[in-house]
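One is the number of the first residue; the rest follow in order along the sequence. Model, not experiment: these values are computed from the prediction.
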Amino acid sequence: MVLPVRAVATAAVAACITGAAPAAWAQAFDAVRLYGAAPGTDGGTVGAVFIAGKAYPGSAQDRNLIVPVIDYQWQNGWFAGVSNGLGINLASRPDQPFGLRLTADLGRKSSRSVALSGMGDIDAKPEIGAFFNHTFSPALFLTSSLRYGAGNDGKGAVLDLGAGHSTALAPQWRLGLGVAASVVNSAFMQSYFGVSPAQATTSGYPVYRPAAGLRDVRANLALTYQLARRASITGAASVGTWLGDARSSPLVRQTTSLTGLVVIGYAF
């Protein structure tokens, strides 16, 4: 699949403004990004992303990492990759992709921060889910994703909602703006923001049982430069804030955080 300059730029911007989040790469599956390709076409992207984020959701400790990225979609609607997981787009029209997919909750290692001492690890687990996106124009789109299977007991659920807008500043430059929010159930909240009686004994934190609700909101900005017909580089920043019972968790050391991304991508 040969993508025009605008499509490659839009893909990079969309990936950043919907994916940049307070928990950095742990938020990678918040939306399905099919790079503007119409159903009935094959194609993919390959590249790498540098993330300047936090050690865990709510941490005040910085954590930087580089992650290779490869995603591919087939003409029959199936797709697979680091950004989207494994799934199928059931739509017959390119402006309203929807379908099912399998992703992963990446878990949390207590060794990442002294603030997690005694909390134990949250193991990585598979998630099942569904998605629906709507594009109003080449520059304005909505995303939604529902995932189930996260957390200590594998019963955590996350509903991610987002909106984005992108516009060309010059032939080789494109700007993207976005907003997003996540709603989670009590199982997810307990795993990542709660403290059980057993954890209170080993960590020193008080017992904390958060309820389901709105977990966080975030605003994102991305700027893409087209290096060549199929290659681009994008810089993005996301400001997010924890809300509700997540904000009140004894594990949350910083209620508002800034995440930075640099993405280099090539479409093929």
Check whether any side-chain heavy atom of T234 lies under 4.5 Å from a side-chain heavy atom of L261, and answer yes or no.
no
Can any side-chain N or O of T259 pair as donor or acceptor with the backbone N or O of G53 at less than 3.5 Å?
no
Mind running side-chain contact (heavy atoms from CB on, under 4.5 Å) on I128 and L102 for me, showing each step along the way?
CA-CA 5 Å; I128 57 173; L102 178 67; 4.1 Å; yes
Would you say the side-chain atoms of N185 pair up with the backbone N or O of K155, donor to acceptor, closer than 3.5 Å?
yes
Ignoring hydrogens and geometry beyond distance, is a side-chain donor-acceptor pair present between S182 and R215 at under 3.5 Å?
yes
Test of ring centre spacing under 6.0 Å for F268 and Y72:
yes
Less than 4.5 Å apart, side chain to side chain, heavy atoms only: is that true for P68 and V82?
no
CD of Q190 to CD of Q199: how many Å apart, nearest 0.5 Å?
7.0 Å
Same apolar cluster (I L V M F W Y, side chains within < 4.5 Å links), L116/V207
no
Give every residue pair that meets the side chain to side chain donor-acceptor pair (under 3.5 Å) criterion with at least one member in residues 129-141, sequence neighbours excluded.
Q96-H134
Can L161 and V183 be said to form a side-chain contact (heavy atoms from CB on, under 4.5 Å), step by step?
CA-CA 8 Å; L161 303 171; V183 180; 5.6 Å; no
Should L223 and L169 count as side-chain neighbours, where that means a heavy-atom distance under 4.5 Å?
yes
I'd like to know if F29 and L100 are part of one continuous hydrophobic network [Ile/Leu/Val/Met/Phe/Trp/Tyr, side-chain heavy atoms within less than 4.5 Å].
no
Applying side chain to side chain contact (heavy atoms under 4.5 Å, CB included), can you list everything that pairs with A168, at least two apart in sequence or on another chain?
R174
In this structure, CG of D216 is separated from CH2 of W242 (nearest 0.5 Å) by 5.0 Å
Indicate yes or no: at least one non-hydrogen side-chain atom of P250 is less than 4.5 angstrom from one of V195.
yes
Cluster check W173, I233: I/L/V/M/F/W/Y, side chain < 4.5 angstrom:
yes
Does D121 use its side chain to pair, donor to acceptor, with the backbone of K109 at less than 3.5 Å?
no
Closest approach of G120 to S110 (non-hydrogen atoms, all atoms of both residues):
O-CB, 3.7 Å
Nearest 0.5 Å, what's the OG-CZ distance between S166 and F141?
6.0 Å
Please determine whether the number of non-hydrogen atoms from other residues, nucleotides or ligands lying under 6.0 Å from atom CG of L159 exceeds 12.
yes
Joining Ile, Leu, Val, Met, Phe, Trp and Tyr whenever any side-chain heavy atoms lie under 4.5 Å apart, the cluster holding L142 also takes in F136, L140
Are D105 and R108 within salt-bridge range, i.e. N to O under 4.0 Å?
no
Has T202 got a side-chain atom pairing as donor or acceptor with G118's backbone, closer than 3.5 angstrom?
yes
Please report the closest heavy-atom contact between S186 and A212, naming both atoms and the distance.
N-CB, 3.5 Å
I'd like to know whether I51 forms a side-chain contact (heavy atoms from CB on, under 4.5 Å) with R63, so could you lay out the CA-CA distance, the side-chain angles of the two residues, the decisive distance to 0.1 Å, and finally the verdict.
CA-CA 8 Å; I51 305 168; R63 182 183 184 223; over 6 Å; no
Output yes when a side-chain donor or acceptor of Y208 lies under 3.5 Å from a complementary backbone atom of D245, and no otherwise.
yes
V217 side chain near T241 side chain, heavy-atom distance below 4.5 Å:
yes
Salt bridge (charged side-chain N to carboxylate O under 4.0 Å, His left out) contacts in which one or both residues fall within residues 257-268, not counting sequence neighbours
none
Can you find a pair of side-chain heavy atoms, one from F131 and one from N84, that are under 4.5 Å apart?
no
So which of D71, V32, V67 actually passes side chain to side chain contact (heavy atoms under 4.5 Å, CB included) with S83?
D71
Backbone N/O of G151 and side chain of S191: donor-acceptor pair under 3.5 Å:
no
Who pairs with T255 by side chain to side chain contact (heavy atoms under 4.5 Å, CB included), at least two apart in sequence or on another chain?
R247, V252
Can you list everything that forms a side chain to side chain contact (heavy atoms under 4.5 Å, CB included) with N64? Sequence neighbours excluded, please.
F50, A52
Tell me, do D160 and R147 make a side-chain contact under 4.5 Å, heavy atoms counted?
yes
Output yes when a side-chain donor or acceptor of Y56 lies under 3.5 Å from a complementary backbone atom of L251, and no otherwise.
yes
State whether the side chain of N89 and the backbone N or O of G77 hold a donor-acceptor pair below 3.5 Å, judged by distance alone.
no
Gap between atom CZ of R253 and atom OG of S59 - 0.5 Å precision:
8.0 Å
Side chains of R33 and T45: closer than 4.5 Å at any heavy-atom pair?
no
Scanning both residues in full, the closest heavy-atom pair of G194 with M119 reads O-CE, 3.6 Å
Just by modelled atom types, is the V114 backbone N or O under 3.5 Å from a matching donor or acceptor in the S117 side chain?
yes
Polar side-chain atom of Q61 near backbone of K54 as donor-acceptor pair, under 3.5 Å:
no
Which atom names give the shortest non-hydrogen contact between T103 and G85, and what distance separates them?
CG2-CA, 4.3 Å
Between atom CZ of R93 and atom CZ of F98, what is the distance when rounded to the nearest 0.5 Å?
10.0 Å
Minimum heavy-atom separation for F193 to S249, with atom names?
O-OG, 2.6 Å
Working to the nearest 0.5 Å, report the span between CG of L146 and CZ of R101.
9.5 Å
